[in-house]
Amino acid sequence: MLPLAPLTSPPASEAVLLQQAQRLAGYSLGELAALAGLPIPPDLRRDKGWTGVLLELWLGASAGSKPEQDFAALGVELKTIPIDSAGRPLETTFVCVAPLTGNTGITWESSHVRHKLKRVLWIPVEGDRAIPLADRRVGAPLIWSPDEEEDRQLRLDWEELMDMIVLGQVERITARHGEVLQLRPKAANSKALTEAIGARGEPILTLPRGFYLKKNFTGALLARHFLLNT
DNA sequence: ATTTGATCATTT
DNA sequence: AAATGATCAAAT
């Protein structure tokens, strides 16, 4: 029996990646952090991305903030997703930053959103704030690609949102736009600004935005896999 | 300033 | 109670 240890290099195949992810199921974040020698924060208030970094470490992802897929050689993106006791998502899922300028010629097929979501390794983690961070357990992983219907839903929302961005309506977009994909601020704070297109086609400064998967979408894909009720 | 990793906390 | 808008940290 091999001792449980983090992968020190990127997995050679999707099968190896999935196998390692499956071995982590059932362990608590405290156990995995201790085995990896990673300090555990008291909570996630000042370390929102800590769980993601811990799982990246265990799965041999190129940790850090490089603008690539987590497993570039495999074409796989890693996403941890906080779930409640019924297996339903507690939070939306960040996909990528939305390009607010230079969008001429971009289509759904060539979009960052579609590329990021082409193949995703989802790792559910208990996220109820009543559970101490160290005691939260890792769930069974799910390797996923959008099916036809999911791709269609994503495309329709993406097209609506991108149309508004291109037409200078970015500041009229709220999180209520989109059925499964929404656009929300993605910034250090409300003072961080980036360039966008204004209503008259002029350059403006606005909050950086990101695309997020809504909980109905991620909840359904988890449910479909684990045969849970939504 | 922007990318990565996301969750927080106020509003509805 | 749920969702929206705001925010935190590290790396580049």
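No experiment lies behind these values; they were computed from the predicted model shown. Residue numbers start from 1 in every chain, and the chains themselves are labelled A, B, ... in the order their sequence lines are given, proteins ahead of strands.
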Checking side-chain polar atoms at under 3.5 Å, does A:Thr92 have a donor or acceptor matched by the opposite partner on A:Arg184? yes
Taken to the nearest whole Å, CG/A:Leu29 to P/B:dG5 is 17 Å
Please confirm whether any donor atom in the side chain of A:Tyr212 sits under 3.5 Å from an acceptor in the base of B:dA6, or the reverse. yes
What is the nucleic acid contact for A:Lys215, judged by heavy atoms within less than 4.0 Å: base, sugar-phosphate only, or nothing?
sugar-phosphate
Which donor-acceptor pairs under 3.5 Å do the side chains of residues 35-43 of chain A make with protein atoms, sequence neighbours left out?
unit_1  : atom_1 : unit_2  : atom_2 : d
A:Asp43 : OD1    : A:Arg45 : N      : 2.8
A:Asp43 : OD1    : A:Arg45 : NE     : 3.4
A:Asp43 : OD2    : A:Arg45 : NE     : 3.4
A:Asp43 : OD2    : A:Arg45 : NH2    : 3.1

Here the distance between atom P of B:dT7 and atom CD1 of A:Ile81, to the nearest Å, is 9 Å
Base, sugar-phosphate or nothing for A:Leu90? Non-hydrogen atoms, less than 4.0 Å. nothing
Checking all strands, does A:Gly52 fall into the base, sugar-phosphate, or nothing category for heavy-atom contacts under 4.0 angstrom? sugar-phosphate
Do the side chain of A:Lys186 and the base of B:dT4 come within less than 3.5 angstrom through a donor-acceptor pair of N or O atoms?
yes
With sugar-phosphate meaning primed atoms plus P, OP1 and OP2, does A:Glu77 contact a base, only sugar-phosphate, or nothing at under 4.0 Å between heavy atoms?
sugar-phosphate
Rounded to whole Å, the NE2-P distance (A:His112 to B:dT2) equals 14 Å
Assert: residue with more 5' nearest nucleotide on DNA chain B, out of A:Pro82 and A:Lys116, is A:Lys116
- Task: Indicate, with a heavy-atom threshold strictly under 4.0 Å, whether A:Arg184 touches base, sugar-phosphate, or nothing.
- Result: base
Here the distance between atom C1' of C:dT7 and atom CG of A:Leu207, to the nearest Å, is 10 Å
Please table the atom pairs, donor to acceptor, closer than 3.5 Å between any side-chain atom in residues 186-198 of chain A and protein atoms at least two apart or in another chain.
unit_1   : atom_1 : unit_2   : atom_2 : d
A:Asn189 : OD1    : A:Lys191 : N      : 2.8
A:Asn189 : OD1    : A:Ala192 : N      : 3.3

Answer with base, sugar-phosphate or nothing: what part of the nucleic acid does A:Arg129 contact at a heavy-atom distance below 4.0 Å?
base
From the candidates C:dT4, B:dC8, B:dA6, the one with an atom nearest any side-chain atom of A:Gln182 is C:dT4
Between CD of A:Glu126 and C1' of B:dT7 the distance, given in whole Å, is 17 Å
(message) Under 3.5 Å, is there any donor-acceptor pair linking the side chain of A:Lys79 to the base of B:dG5?
(response) no
inquiry  = Strictly below 4.0 Å: does A:Arg176 bring a side-chain N or O up to OP1 or OP2 of C:dG5?
reply    = yes
When rounded to whole Å, the CG to P distance for the pair A:Asp47 and B:dT4 reads 19 Å
To the nearest angstrom, the CD1-P distance between A:Ile173 and C:dT4 comes to 14 Å
Do A:Lys215 and A:Arg88 have side chains that get closer than 4.5 Å, going by heavy atoms? no
Shortest non-hydrogen pair, A:Leu117 vs A:Trp144, comes out as O-CZ3, 3.6 Å
Here the distance between atom P of C:dA6 and atom CZ of A:Arg46, to the nearest Å, is 19 Å
ask   = After noting the C-alpha distance and the side-chain angles of A:Lys214 and A:Glu179, does the key distance pass the salt bridge (charged side-chain N to carboxylate O under 4.0 Å, His left out) rule?
value = CA-CA 8 Å; A:Lys214 298 180 73 170; A:Glu179 296 292 322; over 6 Å; no
Note: for A:Thr92 and A:Ala187 on DNA chain C, the residue whose nearest nucleotide lies more 5' is A:Thr92
Q. NA contact type, A:Thr174, heavy-atom cut-off 4.0 Å: base, sugar-phosphate, or nothing?
A. sugar-phosphate
Side-chain atoms of A:Val97 come closest, of C:dT4, B:dT7, B:dT4, to B:dT4
Under 4.0 angstrom between A:Ser190 side-chain N/O and C:dG5 OP1 or OP2:
no
Heavy-atom nearest nucleotide on DNA chain B taken for A:Leu44 and for A:Leu193; more 5' hit belongs to A:Leu193
